Amino acid sequence: MRKDAPGRAAGFSLMESMIVVAILAILAGLALPGFQDLLRRQRTAAAMHLLSTELALARNTAISRRTPVTLCPSRGDGRCRSDPDWSEGWLLYRDPQRATQPASPADILRDIRQPVHASIRIQSTVGRQRVRYQPGGFSGGSNLTVRVCAGAHLRGEVIVNNAGRPRTRRHEDGVPCPFP
């Protein structure tokens, strides 16, 4: 504030206020791309953490209950999807008969819906849409790779080995997403 007359305070002029607003707008414009990238990285990390935690929980459930369990991409209605898209959520169910779907609603242990932001896409290896854990904690067959994409870029992967243990791997910018 300026003092125009002795003892009388005056406010900022319109020009001074416009200059301050313009400077703030420029600074916000410079910070926005960095903030968007930070947000994208955080959403990717959260998706990878949620999925790897769910895989570890499924493995521990199979071991502690001494029964096979399956983790699959969810349709949202208590049934598994037939495609490899995990973006809408996942379903954990008891699977002693090696079924492609839960035998009854009582077999469903967890049904996670909309776990990640809509900008994140999660897809598993073609040909292997689900993970079935044996009572010993092993997930037979080949390794399962679940890819996490944000926009057109692959940001990370969650890999489940034959022993059933999940691990994560991040990717640098520039790697194209392998699915549309």
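Since this is a predicted model, take the numbers as computed values, not measurements.
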Q) With sequence neighbours left out, which residue pairs that include part of residues 50-73 fulfil the salt bridge (Lys or Arg N to Asp or Glu O under 4.0 Å) condition? A) Glu54-Arg110

Q.
side-chain contact (heavy atoms from CB on, under 4.5 Å), that's the test. Do His153 and His171 meet it? Break it down for me.
A. CA-CA 9 Å; His153 293 22; His171 289 278; over 6 Å; no

Q: Side-chain contact test, heavy atoms from C-beta onward, threshold under 4.5 Å: evaluate it for Arg169 versus Ile159 and give yes or no.
A: yes

Q: For residues Cys72 and Leu91, determine if any side-chain heavy atom of one lies less than 4.5 Å from a side-chain heavy atom of the other.
A: yes

Q) Taking NZ, NE, NH1 and NH2 as the nitrogens, is one of them in Asp83 or Arg81 under 4.0 Å from a carboxylate oxygen of the other? A) yes

Q) Are Leu55 and Ile120 co-members of a hydrophobic cluster defined by side-chain heavy atoms under 4.5 Å apart? A) yes

Q: Please round to the nearest 0.5 Å and tell me the distance separating atom CZ of Arg79 and atom CG of Asp111.
A: 12.0 Å

Q | Shortest non-hydrogen contact between Asp77 and Arg75, atoms and distance | A | OD2-NH2, 2.7 Å

Q. Can Ile112 be reached from Tyr133 by stepping across I, L, V, M, F, W or Y side chains whose heavy atoms are under 4.5 Å apart?
A. yes

Q | Exam field: side chain Gln101 to backbone Cys80, donor-acceptor pair closer than 3.5 Å | A | yes

Q: State, to 0.1 Å, how close Asp85 and Pro73 come at their nearest heavy-atom pair, and which atoms those are.
A: O-CB, 3.2 Å

Q: Answer yes if Ile63 and Tyr93 sit in the same cluster of Ile, Leu, Val, Met, Phe, Trp and Tyr residues linked by side chain heavy atoms under 4.5 Å apart, and no otherwise.
A: no

Q: Let me see the working for Leu39 and Gln36 under side-chain contact (heavy atoms from CB on, under 4.5 Å), right down to the final yes or no.
A: CA-CA 5 Å; Leu39 193 59; Gln36 287 175 334; 5.6 Å; no

Q.
With a sphere of 6.0 Å drawn around CZ of Arg43, does it hold more than 12 non-hydrogen atoms of other residues, nucleotides or ligands?
A. yes

Q | Shared hydrophobic cluster for Val116 and Val131 (ILVMFWY, side-chain gaps under 4.5 Å) | A | yes

Q.
Show the nearest heavy-atom pair for residues Pro166 and Gly164, with the distance to one decimal.
A. CD-O, 3.4 Å

Q. Where is the tightest heavy-atom contact between Trp90 and Ile122, given as atom of each residue plus distance?
A. CZ3-CD1, 4.3 Å

Q. Where do Pro178 and Cys149 come nearest, in terms of heavy atoms and distance?
A. CD-SG, 4.0 Å

(Q) So Leu57 and Thr53, do their side chains get closer than 4.5 Å, heavy atoms only? (A) no

Q.
I'd like to check Arg147 versus Glu157 (side-chain heavy atoms, cut-off strictly below 4.5 Å). Are they in contact?
A. yes

Q: Hey, could you give me the OG1/CG distance between Thr67 and Leu109, rounded to the nearest 0.5 Å?
A: 9.0 Å

Q. Judged by atom type as modelled, is there a donor-acceptor pair below 3.5 Å linking the side chain of Ser124 to the main-chain atoms of Thr145?
A. no

Q. Less than 4.5 Å apart, any side-chain heavy atom of Val158 and any of Thr168?
A. yes

Q.
Would the distance check show the side chain of Arg40 and the main-chain N or O of Ala150 forming a donor-acceptor pair, the cut-off being under 3.5 Å?
A. no

(Q) For a 4.5 angstrom cut-off between non-hydrogen side-chain atoms, does Gln114 reach Glu88? (A) yes

Q) So how far is it from Asn143 CG to Asn162 CG, rounded to the nearest 0.5 Å? A) 5.0 Å

(Q) Is there a side-chain contact between Trp86 and Leu71 in this structure, where contact means two heavy atoms from C-beta onward sitting under 4.5 Å apart? (A) yes

Q: Heavy atoms only: give me the nearest Asn161-Ser139 pair and the separation to one decimal.
A: O-OG, 3.0 Å

Q) Counting only N and O atoms by type, is there a donor-acceptor contact under 3.5 Å from the side chain of Ser87 to the main-chain atoms of Ala118? A) no

Q) Just wondering, do Pro68 and Arg98 contact through their side chains at under 4.5 Å, heavy atoms? A) no

